[in-house]
There are 2 protein chains.
Amino acid sequence: MNIGDAAKQSGLPAKTIRYYEEISLVVPGRSDNGYRTYSPTDVHKLQFVQRARGLGFSVEDCRALLSLYEDDHRASADVKAIATEHLSEIEAKIAELKALHKTLKHLVDHCHGDDRPHCPIIDDLAGPDH
Amino acid sequence: MNIGDAAKQSGLPAKTIRYYEEISLVVPGRSDNGYRTYSPTDVHKLQFVQRARGLGFSVEDCRALLSLYEDDHRASADVKAIATEHLSEIEAKIAELKALHKTLKHLVDHCHGDDRPHCPIIDDLAGPDH
DNA sequence: CCTTGACCTTCCAGTAACTGGAAGCCTTAT
DNA sequence: ATAAGGCTTCCAGTTACTGGAAGGTCAAGG
């Protein structure tokens with residue numbers, strides 16, 4: 001299967017699939033004319049990566065997950081460890097964004113948003129003594 | 001004031017301050033020996049940017065906010081527009097992360113995390129028909 | 001047989017916002 | 001005289017692609 005069809009079946013852009021070969025994440029075969037050839041297994045791997053990326057795993061996480069996926073003797077604990085770590089990163093990010101949101105919302109709510117120059121948002125950014 | 005002191009007063013690394021000069025965000029003068037010279041106004045701008053970045057504004061947002069900060073005749077509506085836009089981006093990001101979190105937490109909670117290979121996380125990533 | 005269009009190839013550059021490191025100059029203190 | 005610390009520039013690397021240019025390949029239609 002050529003890269004265009006692999007793209008359709010995996011939901012990934014062809015450019016991304018080429019990139020995944022470049023970083024040795026999913027490496028296809030080649031046919032005589034130099035075209036990349038994706039086996040069903042390759043396409044499964046692409047789909048796997050597409051889903052994992054969709055869950056926010058980094059490409060390096062995907063690499064680790066993919067090798068666990070291919071290892072019939074994996075320990076589910078190894079998978080869980082990666083996922084749990086990612087989960088805490090997500091939680092940390094949510095907490096950070098919520099704090100930002102709170103501060104910013106407060107400022108926005110107190111800004112008249114008219115044609116006059118006075119603005120509590122700018123005042124806050126300028127610092128306490130300006 | 002040299003870059004080291006500007007760094008201390010703004011809370012930004014010297015590397016970052018040099019970068020801000022490179023992108024014409026905060027451009028200092030130079031003394032005879034070629035050293036960057038930061039005026040009190042320059043330092044205020046650096047502090048302003050440091051705070052705005054801390055609130056998650058992009059560097060380009062900071063550039064716009066800085067020019068509004070310097071404009072005594074600005075309309076607060078212009079500031080509010082940037083902040084409101086940023087606020088919705090934060091909200092969107094939070095929503096996205098919450099959705100990811102929900103999915104991933106569900107998977108993690110159902111994974112035994114022991115030394116056996118069966119793993120619902122991997123099963124989910126592999127897709128419905130594998 | 002030739003051309004057209006849809007594929008495919010490689011390579012280069014750009015994105016956001018820095019960060020690290022190397023090589024070397026300036027200044028001050030010992 | 002030299003050592004330490006701060007300053008300079010320039011180059012490369014980070015993450016995960018994305019866009020575009022120049023050109024090869026293939027199947028169908030005139």
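Chain identifiers are assigned alphabetically (A, B, ...) following the order of the sequence lines, protein sequences preceding nucleic acid strands; residue numbering begins at 1 within each chain.
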- How close do B:Cys111 and B:Ile121 get, heavy atom to heavy atom, and via which atoms? CB-CD1, 3.9 Å
- Message: At less than 4.0 Å, is any side-chain N or O atom of B:Tyr20 found next to OP1 or OP2 of C:dA17? Yes or no.
- Response: no
- Search all heavy atoms of B:Gln9 against all heavy atoms of B:Gln47 and return the closest pair with its distance. O-NE2, 3.0 Å
- Determine the minimum heavy-atom distance between B:Leu65 and B:Ala52, stating which atoms define it. CD1-CB, 4.4 Å
- Value in whole Å for how far the C1' atom of D:dC7 lies from OH of B:Tyr38: 12 Å
So which protein N/O to nucleotides 10-13 of chain C N/O distances come out below 3.5 Å?
| unit_1 | atom_1 | unit_2 | atom_2 | d |
| --- | --- | --- | --- | --- |
| C:dT10 | OP1 | A:Arg30 | NH1 | 3.2 |
| C:dT10 | OP1 | A:Arg30 | NH2 | 3.1 |
| C:dT10 | OP2 | A:Arg36 | NH1 | 3.0 |
| C:dT10 | OP2 | A:Arg36 | NH2 | 2.6 |

- Taking DNA chain C as the partner, which of residues 46-56 of chain A come within under 4.0 angstrom of it by heavy atom? none
- Item | Audit row: A:Tyr38, A:Asn2, side-chain contact (heavy atoms from CB on, under 4.5 Å) steps and yes/no | CA-CA 6 Å; A:Tyr38 289 86; A:Asn2 285 348; over 6 Å; no
- Task: Please answer: with hydrophobic residues joined when any side-chain heavy atoms are less than 4.5 Å apart, are A:Tyr20 and A:Tyr35 in the same cluster?
- Result: no
- Task: Starting from C1' on D:dT15, measure out to CG on A:Asp61 and report it in whole angstrom.
- Result: 13 Å
- Report the relative orientation of the aromatic rings in A:His86 and A:Phe57; use parallel for angles under 30°, tilted for 30 to 60°, perpendicular for over 60°. tilted
- Flag the pair A:Thr37 / A:Ile3 as yes when at least one side-chain heavy-atom distance between them is below 4.5 Å, and no otherwise. no
- Task: Rounded off to whole Å, could you give me the CZ-to-C1' distance for the A:Phe57 and D:dC17 pair?
- Result: 20 Å
- Message: Rounded to whole Å, please give me the gap between CG in A:Asn2 and C1' in D:dG24.
- Response: 14 Å
- Exactly one of B:Val108, B:Ile122, B:Asp109, B:Asp114 clears side-chain contact (heavy atoms from CB on, under 4.5 Å) with A:Lys80, and that residue is B:Val108
- Message: Any side-chain N or O of A:Thr16 below 4.0 angstrom from OP1/OP2 of D:dA16?
- Response: no
- Atom-to-atom span, CG of A:Asp32 to C1' of C:dC7 - whole angstrom: 17 Å
- Rounded to the Å, how far apart are A:Tyr19 OH and D:dT15 P? 8 Å
- 5' priority, DNA chain D, between A:Glu60 and B:Ile3 [closest heavy atom]: B:Ile3
- Heavy-atom pair of closest approach, residues B:Asp123 and B:His118: OD2-CE1, 3.2 Å
- Task: Taking all non-hydrogen atoms of both residues into account, name the closest pair between A:Tyr69 and A:His44 and its distance.
- Result: OH-CB, 4.4 Å
- Contact letters for nucleotides 24-29 of chain C, in which S counts primed atoms plus P, OP1 and OP2 and B counts the base, heavy atoms under 4.0 Å: --BS--
- Note on the structure: Of all heavy-atom pairs linking B:Ala77 and A:Gly113, the shortest is CB-O, 3.3 Å
- Task: Would you mind reading off the distance between A:Ile17 atom CD1 and D:dT18 atom P, rounded to a whole angstrom?
- Result: 11 Å
- Message: I need the CD-P distance between B:Glu22 and C:dT15, as an integer number of Å.
- Response: 12 Å
